[in-house]
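Below is one structure; the comments refer to it alone.
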Amino acid sequence: MAFSDKILEWYNKNKRDLPWRASTDPYKIWLSEIILQQTRVAQGTPYYLNFIETFPKVSDLASAKQETVLKLWQGLGYYSRARNLHAAAKMVVDDYGGRFPDTYKKLITLKGVGDYTASAISSICFNERQAVVDGNVYRVLSRYFGVEIPINSTAGIKYFKELALEVLHESNVRDYNQGIMEFGAIQCTPKNPNCGQCPLKESCVALKERKTDVLPVKLKKTKVKTRYFNYLVPLFVSGNGLNSTLLKQRTGKGIWQDLWEFPLLESESDIDLKTVKENYNRVLGIKEEAMVTLFNTEVVVHKLSHQHLYTKFWILEIDAPMPDAVPISELHKYPVPVLISSFMNAFKF
DNA sequence: AACACGGGGTG
DNA sequence: CACCCAGTGTT
């Protein structure tokens, strides 16, 4: 039996019952694919359910405020996905009359839809002959065929795309594509693959040559940068108990674009109370004096893929009203990074 | 061709 | 701690 038939047979027996598998509605498949980019099924599933419930149709998503979309996305990371998701929904409504594109060629014109996602949607929804190559597929193919070209090199990307197309199932592309990804996720796992009960064990090169632990080959990634964040958390206390604080939206490039955070004083190294006192008037844009205290006794280390953020939260009690302050009762409406959200919980905001 | 972009799970 | 996850867009 051919490789693709083995995969298909395995899939029919072992596939998980996932929410988006119940349909071939391109809106639902697209949404699930964007959410699952670089994201585990377990982490993405609750987000998928929330999005579908909040935006049953692509037009609902298109007409939403970006703030609403980002808030629903909060905690999932890679926030450009949320911005592109929103932009793509508008493209579907404005450029395609509200009907989702039905070919790879058209799908890949959508913001946030690259080669993988266009292949996934076109094959799963329309059974178009396109090969998906995600992290799972790289692993399965590199092991089964014993390919040692680095998967994240230009040559590797080209090679695996062509290989994936060569071994694609003859007729059932829809299930085969989901099958090879599911196979990688459940059977041919990164660590401790279940080779003992693998339907491909007779012909797997990596198993035969004891290379499952070195395949796929991946070029090492870049170094992690350390940054020092000092959040200045103003507390405008008024007599009637209607307390407020200040949030700013991150603009430009870099992490957490368009999300909100407390006024930030970033430094080259760890700073102390003295330095905070010298800078808070400038950072907050106020003239009043503040009583400053450090909230976290231990520096909070927030780890991103490329950055370690050493963070201190400074509480600034200010005995004056502030016009554009945010009432504490409305803090929960703003999309914020997990680092900020965690602090808000710890501080009992 | 390399890099930036989050957060969480796993061994 | 290192690696990985249903990748894409920018430089």
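So that the names make sense, note that chain A is the first sequence line, chain B the second, and so on, each numbered from 1.
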field: Between B/dC3 and C/dA6 - C1' atom distance, rounded Å
entry: 22 Å
message: Does B/dC5 have its OP1 or OP2 closer than 4.0 Å to a side-chain nitrogen or oxygen of A/Gln307?
response: yes
- prompt: Out of C/dG7, C/dC1, B/dG6, which has the shortest distance to the side chain of A/Tyr116?
  reply: C/dG7
query: Of A/Lys220 and A/Asn192, whose nearest nucleotide on DNA chain B comes first from the 5' end?
result: A/Lys220
message: For A/Phe343 and A/Phe347, take the angle between the two ring planes, folded into 0 to 90°, and tell me which bin it lands in: parallel under 30, tilted 30 to 60, perpendicular over 60.
response: parallel
query: Under 4.0 Å: is that the gap between some side-chain N or O of A/Tyr79 and OP1 or OP2 of B/dG7?
result: yes
- request: With the side chain of A/Pro190 defined as its heavy atoms from C-beta on, choose the nearest nucleotide among C/dC4, C/dT8, B/dG7.
  value: C/dC4
task: For B/dG9 and C/dT8, measure between their C1' atoms and round to the nearest Å.
output: 23 Å
message: Less than 4.0 angstrom between a side-chain N/O of A/His302 and OP1 or OP2 of B/dG7, yes or no?
response: yes
query: Does A/Arg139 place a side-chain N or O at less than 4.0 Å from the phosphate oxygens OP1/OP2 of C/dC5?
result: yes
task: Please evaluate the base of C/dA6 for a donor-acceptor partner in the side chain of A/Arg21 within a cut-off of under 3.5 Å?
output: yes
message: Please identify which of these residues, A/Trp314, A/Phe262, A/Phe313, meets the side chain to side chain contact (heavy atoms under 4.5 Å, CB included) condition with A/Asn230.
response: A/Trp314
task: Just say parallel, tilted or perpendicular for the rings of A/Trp73 and A/Phe51, cut-offs at 30° and 60°.
output: perpendicular
task: Give a yes/no answer on whether the side chain of A/Thr39 brings an N or O atom under 4.0 Å of OP1 or OP2 in C/dG7.
output: no
message: Given a 3.5 Å cut-off on both pairing distances, which stems involving DNA chain B, each at least three consecutive Watson-Crick or G-U pairs, are present, if any?
response: B:1-5 with C:7-11, B:7-11 with C:1-5
message: Could you check whether A/Asp175 pairs with A/Lys15 (Lys NZ or Arg NE/NH1/NH2 to Asp/Glu carboxylate O, under 4.0 Å)?
response: no
- prompt: Does a side-chain N or O from A/Lys191 land closer than 4.0 Å to OP1 or OP2 of B/dG9, or not?
  reply: no
The single option from A/Leu8, A/Asn136, A/Val140 passing side chain to side chain contact (heavy atoms under 4.5 Å, CB included) against A/Phe183: A/Val140
message: Using OP1 and OP2 only, check whether a side-chain N or O of A/Gln38 sits under 4.0 Å from C/dG7.
response: yes
- request: Classify the side chain of A/Arg40 and the base of C/dC4 as holding, or not holding, a donor-acceptor pair under 3.5 Å.
  value: yes
- request: Ignoring backbone atoms, test whether A/Lys253 places a side-chain nitrogen or oxygen under 4.0 Å from the OP1 or OP2 oxygen of C/dT11.
  value: yes
- prompt: When you look at A/Glu33 and A/Tyr116, which way does the side chain to side chain donor-acceptor pair (under 3.5 Å) test go after all the steps?
  reply: CA-CA 9 Å; A/Glu33 291 298 343; A/Tyr116 163 77; 2.7 Å; yes
message: So, does A/Trp256 get its side chain near the phosphate of B/dA4, meaning an N or O under 4.0 Å from OP1 or OP2?
response: no
